[in-house]
Amino acid sequence: MTKKRALISVSDKNGITEFAKNLVDLGFELVSTGGTKKALQDQGIPVLSVSDVTGFPEILEGRVKTLNPFIHGGLLAKHDDEQHQKQLSEHQIQPIQLVCVNLYPFQQTIEKPDVTVADAIENIDIGGPTMLRASAKNHQYVTVVVDPADYQTVLSELKSDGETSLETRRKLAAKVFRHTAAYDALIAGYMTDLAQEEAPEKLTVTYELKQTLRYGENPHQKAAFYKKPLGSSFSIANAVQLHGKELSYNNINDADAALQIVKEFSEPAAVAVKHMNPCGVGTGKTGYEAFTKAFAADPVSIFGGIIAFNREVDGESANKLHEIFLEIIIAPSYSEEALAILTGKKNLRLLTIPFEQAKKAEMKMTSIEGGLLVQEQDRFTLEDATITIPTKRQPTDVEWESLKLGWKVVKHVKSNAIVVTSEDMTIGIGAGQMNRVGAAEIALKQAGKKAVGASLASDAFFPMDDTVEAAAKAGITAIIQPGGSIKDVDSIKKADEYGIAMVFTGVRHFKH
């Protein structure tokens with residue numbers, strides 16, 4: 001009786017010799033290629049080469065070795081089809097019952113900073129995906145394994161039942177198609193970038209499961225967290241969690257919002273976020289000084305929020321942070337003293353992020369029902385703007401500092417957005433209102449008496465002069481906004497009436 005045959009060809013050799021030994025013990029004849037064959041032989045495992053099966057040598061530096069009817073006929077034949085079995089017999093092709101293949105390390109290759117195009121191209125696997133897809137298509141009869149994590153499941157079923165179940169083979173086949181689709185998506189992305197195509201006719205992306213989540217935005221919604229291969233290190237997906245309970249769906253969203261704001265600053269800064277909007281932003285000579293200002297900006301809303309620092313958290317900051325109920329603290333690092341203090345709170349999540357990667361830009365993707373919106377991140381700064389000052393009065397040096405701070409923050413606030421700032425902290429934020437004057441009223445009310453002599457930033461132009469009027473009555477002395485309304489002249493006149501300096505940037509910062 002002809003032995004069952006298993007074809008093994010893997011780049012990831014973790015656990016492969018033990019798996020192969022067990023297959024031999026179960027009566028399988030092994031067929032393999034190149035490095036995998038040598039690894040098995042070195043362990044004394046009997047194995048045929050693919051060339052022994054095909055009667056044809058590997059050619060073109062190994063680019064062609066398994067693309068042969070003696071291999072693919074054995075993979076694709078229906079075992080209960082009389083005509084298929086007759087043709088196998090006529091051509092002396094032996095069926096292959098089990099395939100264990102994983103692919104050339106394309107992702108690991110293009111991750112290398114000095115990778116050449118030639119190296120990348122050479123690590124595009126052809127034979128491997130072809131064997132995997134053929135086996136997965138024919139999973140009614142063939143067991144196909146692409147992940148070492150599945151070796152034990154397959155061996156357990158083979159030992160207990162003599163074969164794998166159709167249910168298992170179907171799950172393994174589905175995993176194969178996900179695996180090859182992800183592999184091809186990485187190649188497609190690399191080649192699209194290489195060809196410098198900005199809006200290809202098809203967008204292929206892939207993500208890897210990082211963790212299942214207890215629930216989504218609300219307890220009745222299922223959710224999971226996926227990580228982008230080759231994505232920016234400056235990401236919650238790549239954060240190192242030093243302490244605290246598992247992140248939730250809302251934690252992840254809020255933490256990302258905090259990161260996007262804090263990376264705007266080169267000087268020491270601290271950002272407090274609640275429901276994806278900043279509730280306080282402060283800068284200073286130290287992280288502690290920055291945090292005290294972020295806290296003072298809105299000591300009520302910070303409760304249960306997230307704090308992001310762009311400097312190490314020291315003991316002084318940790319003592320202050322320990323007094324507040326927070327969900328997450330994010331920083332480049334923590335001093336030993338700070339960790340000792342903060343880990344005293346069982347549930348407080350402490351994350352570190354490599355801030356040296358903060359400037360890497362990625363496309364922003366937003367899902368809608370039945371589609372996906374893709375856009376560049378809003379990285380426009382005042383340094384990129386063509387500044388005009390249409391009012392009679394110019395901003396003072398102190399006002400310029402507060403205007404710059406407001407402009408950095410307002411683009412991260414949900415539109416319609418208004419941010420009121422002093423020189424080094426936010427003092428009022430109006431977010432997500434249906435009209436601009438409504439956002440201004442919220443921000444100015446929060447600022448209260450602190451609005452006197454402060455500055456105001458708007459994410460978009462003023463359609464009427466009512467926002468300037470409200471700002472002036474609250475004591476605002478400088479405003480920064482895009483300009484561009486057909487009624488700009490009304491806002492300019494109103495600013496001049498109250499002696500307000502107004503800056504036009506020429507660029508809006510909508511955030512929906």
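Below, all heavy atoms of this structure are taken into account, side chains as well, without hydrogens, waters or symmetry copies. Throughout, numbering of the chain's residues begins at 1 and tracks the sequence.
- Proximity of the aromatic rings of Tyr151 and Phe19 is defined here by a centroid distance below 6.0 angstrom, and this criterion is met.
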Evaluate Glu217 against Asn250 for side-chain contact (heavy atoms from CB on, under 4.5 Å), listing each step before the verdict. CA-CA 6 Å; Glu217 283 183 290; Asn250 292 331; 3.5 Å; yes

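- Residue Leu382 holds its CG atom at 6.5 Å from CH2 of Trp400, rounded to the nearest 0.5 Å.
- With hydrogens and angles ignored, the 3.5 Å screen pairs a side-chain donor or acceptor of Lys274 with a backbone N or O of Phe303.
- Lys414 places no side-chain N or O within donor-acceptor distance of the main-chain N or O of Met276, the cut-off being under 3.5 Å.
- With respect to the salt-bridge test (charged N to carboxylate O, under 4.0 angstrom), the residues Asp466 and Arg436 do not qualify.
- The line from CD of Glu208 to NZ of Lys228 is 12.0 Å long, rounded to the nearest 0.5 Å.
- Note on ring orientation: taking the six-membered ring where Trp is involved, the planes of His509 and Trp407 are tilted (angle from 30° to 60°).
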Step by step, work out the side-chain contact (heavy atoms from CB on, under 4.5 Å) result for Asp298 and Gln446. CA-CA 8 Å; Asp298 190 346; Gln446 185 185 18; 2.9 Å; yes

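- Using cut-offs of 30° and 60° for the angle between ring planes, the Phe295 and Phe291 rings count as tilted.
- Rounding to the nearest 0.5 Å places CZ of Phe462 at 5.0 Å from CD1 of Ile418.
- Looking only at distances, no side-chain donor or acceptor of Asp254 sits under 3.5 Å from a matching main-chain atom of Val273.
- Formation of a donor-acceptor pair under 3.5 Å by the Asn123 side chain with backbone atoms of Tyr104 is not found in this model.
- Atom OG of residue Ser9 and atom CG of residue Asp125 lie 7.5 Å apart, to the nearest 0.5 angstrom.
- For the pair Asn238 (side chain) and Ser232 (backbone), a donor-acceptor distance under 3.5 Å is present.
- Judged by distance alone, the side chain of Gln221 and the main-chain N or O of Asn218 form a donor-acceptor pair under 3.5 Å.
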Might you work through the salt bridge (charged side-chain N to carboxylate O under 4.0 Å, His left out) test for Lys473 and Glu469, ending with a clear yes or no? CA-CA 6 Å; Lys473 288 181 177 178; Glu469 177 85 29; 3.3 Å; yes

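- Ion pair Lys175/Asp147 flagged as a salt bridge, since at least one NZ, NE, NH1 or NH2 atom sits closer than 4.0 Å to an Asp/Glu carboxylate oxygen.
- The backbone N or O of Asp12 lies less than 3.5 Å from a partner atom in the side chain of Asn102, making a donor-acceptor pair.
- A donor-acceptor distance shorter than 3.5 angstrom exists from the side chain of Asp488 to the backbone of Gly484, with no hydrogens or angles considered.
- Glu197 places no side-chain N or O within donor-acceptor distance of the main-chain N or O of Ala199, the cut-off being under 3.5 Å.
- The pair Glu441-Lys445 does not meet the salt-bridge criterion, since no charged nitrogen lies less than 4.0 angstrom from a carboxylate oxygen.
- Classification of Lys293 and Glu289 as a salt-bridged pair holds, one side-chain N sitting under 4.0 Å from a carboxylate O.
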